[in-house]
Amino acid sequence: MSLKTFHLIFITCSILMCFGFGAWGFWGVESTGLWSTIGGLAGFASGIGLIVYEVRFLRKLKGVSYL
């Protein structure tokens with residue numbers, strides 16, 4: 001497995017975890033306060049930022065193989 005493949009898998013897992021944290025912040029068991037809403041927004045914002053990062057990473061290294 002190349003470093004590029006590992007990086008893509010790691011960033012994809014991080015995106016899923018950020019969106020999961022954002023959903024937990026908004027619709028979790030104790031999601032009644034201001035801090036859970038801020039945490040939810042931060043999770044979704046981080047997920048979107050990581051998507052932008054992954055797209056730029058793929059464009060930059062499109063000539064490098066996955067092996």
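Sequential numbering from 1 along the given sequence is applied to the chain's residues.
Interatomic distance, CE of Met17 versus OG of Ser46, reported as 11.5 Å (0.5 Å rounding). Separating the OG atom in Ser14 from the CD1 atom in Ile9 is a distance of 11.5 Å, to the nearest 0.5 Å. From Ile51, atom CD1 reaches atom OG1 of Thr12 across 9.5 Å, with rounding to the nearest 0.5 Å. For the atom pair NZ (Lys60) and OH (Tyr53), the distance works out to 8.0 Å, reported to the nearest 0.5 Å. The CZ atom of Phe10 sits 15.0 Å away from atom OG1 of Thr5, with the distance rounded to the nearest 0.5 Å.
Of the possible donor and acceptor atoms, one in the side chain of Lys4 sits under 3.5 Å from a partner among the backbone N and O of Leu61.
In this structure, the side chains of His7 and Leu3 stay at 4.5 Å or more apart for every pair of heavy atoms.
Using a 30° and 60° split on the angle between ring planes, Trp24 and Phe21 fall in the tilted class, from 30° to 60°.
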Working for side-chain contact (heavy atoms from CB on, under 4.5 Å), residues Arg59 and Val55 = CA-CA 6 Å; Arg59 285 184 185 161; Val55 167; 4.0 Å; yes

Run the numbers on Ile48 and Ile15 for side-chain contact (heavy atoms from CB on, under 4.5 Å), then give the verdict.
-> CA-CA 8 Å; Ile48 291 170; Ile15 291 168; over 6 Å; no

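Linking ILVMFWY residues whenever their side-chain heavy atoms come closer than 4.5 Å, directly or via other members, places Leu41 and Trp27 in the same cluster. Linking ILVMFWY side-chain heavy atoms closer than 4.5 Å, directly or via other members, places Val64 and Phe57 in a single hydrophobic cluster.
Shown here are the ring pair (Phe, Tyr, Trp, His ring centres under 6.0 Å) partners of Phe44, two or more places apart in sequence or in another chain: Phe19, Phe26.
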